[in-house]
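This report refers to the structure that appears directly beneath it.
Here, residue 1 is the first one in the sequence, and each next residue gets the next number. Predicted model only: the values in this text are computed from it and were never measured.
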Amino acid sequence: MKLEEVKGVGPSTLRKLQSIDVSTVEDLINFLPKTYIDFNSPVSLNDLCDGQFSLIRVRIVKVTRPVKTKNGLSFFTADAVDFDAPETDKNRLKIVWYNQPYMLQKVKADEKYFVFGKVKFSGRRAELINPKIEPLDKQKNLSGIMPVYRTKGAVQQGVFKGIVDDALRKFSPADIANEKVRERYGIESVKDAFIRAHCPTSVEEGLKAQERIALEDTMKEILYYKIINSQAKENRVFEYRLDKSAVDDFVKSLPFPLTPTQKNALDEIFENLKSKRRMNRLLIGDVGSGKTIVALISALYAVKCGYQVAVVAPTEILAEQHFNNAKRFFEGFNINVAFMSGSVKGAERKERERDIESGKTDVVIGTHSVFSKTVKFKNLSFVVIDEQHKFGVAQKYEKGAGVDTLTLTATPIPRSVLMLLYDELQLSEIDKSHKTKVKTFLVPDYKKDGMFSYVRDEAKKGNQAFIVCPKICDSEGVETYGAKTLFEELKNGVFSDVNVALIYGKMKAKEKSEIMQSFEAGDIDVLIATTVVEVGIDIKNATTIAVLNSERFGLATLHQLRGRVGRGDKKAFCFLHTLDAGNPRLKALTEFDEGYKLAELDFTLRGGGDYLGTRQSGEQDGGKYAIKITPDQIRFAKEIVTDGVLQEGFEIDKDDFYYYENKFKDVTVS
């Protein structure tokens, strides 16, 4: 069926629809409402919120005469109270009509009306400008549920709704799941879902219908992805011929035994490397769980099989820590390790680049500088990426076609959660062997001084602390704390009798290294910093971290910052100072300390990004739905897709196949 066959779609309207990416009937019915307005639930003046569209029952108290401005604009106003309020009620609504003199005939004092519009507060008084209005006893259009579409003004809401209604009467979208499968899983037909999404009898019904449509879309995408890539499972480039026992001597040399979950993760990695499927594995473990040693053992295995390894960290501090640990652990095993970062320059850098290109260097550890064009590997097969949320997608996959990738994280970014759910990533998990729970509290601004006093008192007891700011310097007009300003303020104030230091990313590498060594040695009591301390800092004596303006940080960053404390056997605390105590991300941190739970919440709040593209967060559907797609919904779609009954009855649509083939063609399949 052509879009022009739908009632109301002439040449002019067709052009307008095409301007909002509606070119077919399928596009039209998939153009779902962004929200719904419930005309069945009017609110009182006491319940109005600034910026919200509201339906209010009012009684007009006063109507003014029209006024003309100097530029020719005319307007008149009316004062209104709640429809059942007494005459003396002081809680009044101001209504303004601009350039609508005919409304004077419809608006009468002492009459009762439904009024609908966007609420704006001027001081303590609510206002409506050019609202829709109907007599209370003659309600017609302001009733039921009104869908609101993202038409960007190209097509009027009422016109668009009429076009959609006609299309729904004439067009029947096909279900991906046959009737037998729908009955098994208790899901309605997708046509019924589209009707309820566009013509609901309640807001809840409309949102529920959109969930069913999202399920349909997710099933289709997963199924076509599986079909198109069914030939791409055997995509291994590098062969690892040695048995996993090749690393036994190294494991025995470690000053600690591996935990059962570390051993299990290694078994999964070795099995993956020996399989015909290239590894794209996420190693999840909360801070202090021992992800790094698993990565080093895996790297050693790759080197023994004749390949080079790159270990990439987001900060120079963490990269240096990995480098020092690798040199210490690999001592006596004839493994050449090199460090590479932006601070390595001149002749020294050129020499290291030559050693990497010749194959003399086995393991390169560094920052994103490892990805620079001048660094060329002879035989790179294995890449370890530490703390994925600090790297862009393009950075992660810039080096080496077909390399096996191991990504270490405590809190996966939303995109990785989505990729795991779609089987694009493999997963290994490590449990923390001796977990010190960090108690997390929200600190409103008025309690900030008490928080600083607690940090000082703990410092006098011999316990160290981090204080983290979102910026290096204060910004004019922005209510955020800068590390430099706060350092001077606290050093000369509440922390005048303890040792305080400042660290931030733009310092010279040598200066940062010296500060961290002093902090680790216990010579510094309180370290004021930016997020340069977010990952890889291991100070056993640090028991408190205070994060200023925590609402300005992402969940993954906050979880990593919290992981800087509680690494010893003392009680540990994380204080999240905030100007937004109702923030759902911050509340989640006080309730959960497991990284993956926080990652799923982050997925739900921010969306999963473009799992087959490069966006790391945001709605993977481009904002099509009025609902958030949750991990549980994707799991349900996967369950249905893997049902043999669905696959037996599924017929490939050529247009859909072509669309998804083009969408997936640039994807590197795990």
Side-chain angles (χ1 to χ4, degrees), residues 1-43 51-58 95-103 105-107 113-120 128-171 173 191 193-207 209-210 213 623-627:
M1 180 182 179
K2 293 183 178 180
L3 189 55
E4 298 93 313
E5 296 174 35
V6 178
K7 186 178 179 181
V9 182
S12 175
T13 302
L14 180 62
R15 287 192 297 272
K16 292 175 181 177
L17 290 172
Q18 289 170 341
S19 73
I20 54 173
D21 296 325
V22 175
S23 300
T24 67
V25 177
E26 289 89 341
D27 293 339
L28 181 65
I29 66 169
N30 274 283
F31 203 95
L32 299 175
K34 67 176 181 180
T35 189
Y36 300 94
I37 294 170
D38 187 355
F39 287 137
N40 298 322
S41 303
V43 296
Q52 284 192 357
F53 284 93
S54 299
L55 179 72
I56 317 158
R57 290 178 294 186
V58 300
I95 308 173
V96 186
W97 283 274
Y98 287 101
N99 287 342
Q100 296 183 30
Y102 60 89
M103 289 300 299
Q105 306 302 316
K106 298 183 178 182
V107 181
Y113 299 90
F114 282 106
V115 289
F116 171 76
K118 188 175 183 179
V119 177
K120 177 185 176 183
L128 289 179
I129 296 175
N130 290 348
K132 295 181 183 295
I133 186 166
E134 287 184 351
L136 202 62
D137 58 352
K138 296 179 181 178
Q139 188 181 15
K140 181 181 177 184
N141 295 318
L142 298 182
S143 62
I145 307 297
M146 184 177 84
V148 180
Y149 297 91
R150 298 178 178 88
T151 60
K152 301 176 184 177
V155 184
Q156 289 183 359
Q157 293 287 322
V159 172
F160 190 86
K161 178 66 166 63
I163 294 170
V164 171
D165 289 348
D166 189 67
L168 287 171
R169 285 190 288 269
K170 297 175 179 176
F171 180 74
K191 178 174 182 178
F194 274 115
I195 291 171
R196 293 194 304 113
H198 289 288
C199 311
T201 57
S202 68
V203 173
E204 292 74 18
E205 183 180 69
L207 297 177
Q210 291 206 28
I213 295 165
K624 170 181 175 178
Y625 315 109
I627 49 99

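Legend: residues meeting side chain to side chain donor-acceptor pair (under 3.5 Å) with Q157, ordered by chain and number and at least two apart, are T151. Evaluation of the side chain to side chain donor-acceptor pair (under 3.5 Å) rule for S41 yields D38 as partners, not counting sequence neighbours. With sequence neighbours left out, P200 forms a side chain to side chain contact (heavy atoms under 4.5 Å, CB included) with Y36, I145, E205.
In this structure, OG on S143 lies 7.0 Å from CG on N40, to the nearest 0.5 angstrom. We find the CD1-CD1 distance between I56 and I95 to be 7.5 Å, quoted to the nearest 0.5 Å. Atom CZ of F194 and atom CG of N30 lie 4.0 Å apart (nearest 0.5 Å). Annotation: the span from N130 atom CG to N99 atom CG amounts to 8.0 Å, rounded to 0.5 Å. In this structure, CG in L17 is found 10.0 Å from CG in D27, a value given to the nearest 0.5 Å. How far CD1 of I37 is from CG of L55: 9.5 Å, rounded to the nearest 0.5 Å.
Nearest approach of I213 to K624, heavy atoms of both residues: CG2-NZ, 4.2 Å. Minimum interatomic distance between L168 and C199 (heavy atoms only, all atoms of both residues): CD1-SG, 4.5 Å. Across every non-hydrogen atom of H198 and I29, the tightest pair is NE2-O, 2.8 Å. In terms of heavy atoms, Q18 sits closest to S23 at CG-OG, 4.0 Å. Here the closest non-hydrogen pair linking A167 and V6 is N-CG1, 3.9 Å. Closest of all the heavy-atom pairs between V96 and P131 is O-CD, 4.0 Å.
Side-chain contact between F31 and V164 is absent, with no heavy atoms from C-beta onward closer than 4.5 Å. Considering only heavy atoms from C-beta on, P33 comes within 4.5 Å of Q210 through its side chain. The side-chain heavy atoms of E134 and F116, taken from C-beta on, include no pair separated by under 4.5 Å. Contact annotation: the side chain of Y625 never approaches that of L207 to less than 4.5 Å [non-hydrogen atoms, C-beta and beyond].
Heavy-atom contacts from other residues, nucleotides or ligands closer than 6.0 Å to NZ of K120 number 12 or fewer.
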- Applying side chain to side chain contact (heavy atoms under 4.5 Å, CB included), run through L142 and K132 and close with a yes or a no. CA-CA 8 Å; L142 298 182; K132 295 181 183 295; 4.1 Å; yes
- Task: Give the C-alpha distance, both sets of side-chain angles, the deciding distance and a yes or no for side chain to side chain contact (heavy atoms under 4.5 Å, CB included) between W97 and I133.
- Result: CA-CA 11 Å; W97 283 274; I133 186 166; 4.1 Å; yes
- Run the numbers on K170 and E5 for side chain to side chain contact (heavy atoms under 4.5 Å, CB included), then give the verdict. CA-CA 9 Å; K170 297 175 179 176; E5 296 174 35; 5.9 Å; no
- Query: Please walk me through it: do F39 and F114 pass ring pair (Phe, Tyr, Trp, His ring centres under 6.0 Å)?
  - Reply: CA-CA 10 Å; F39 287 137; F114 282 106; 8.8 Å; no
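Between D165 and K161 a salt bridge is recorded (basic side-chain N to carboxylate O distance below 4.0 Å).
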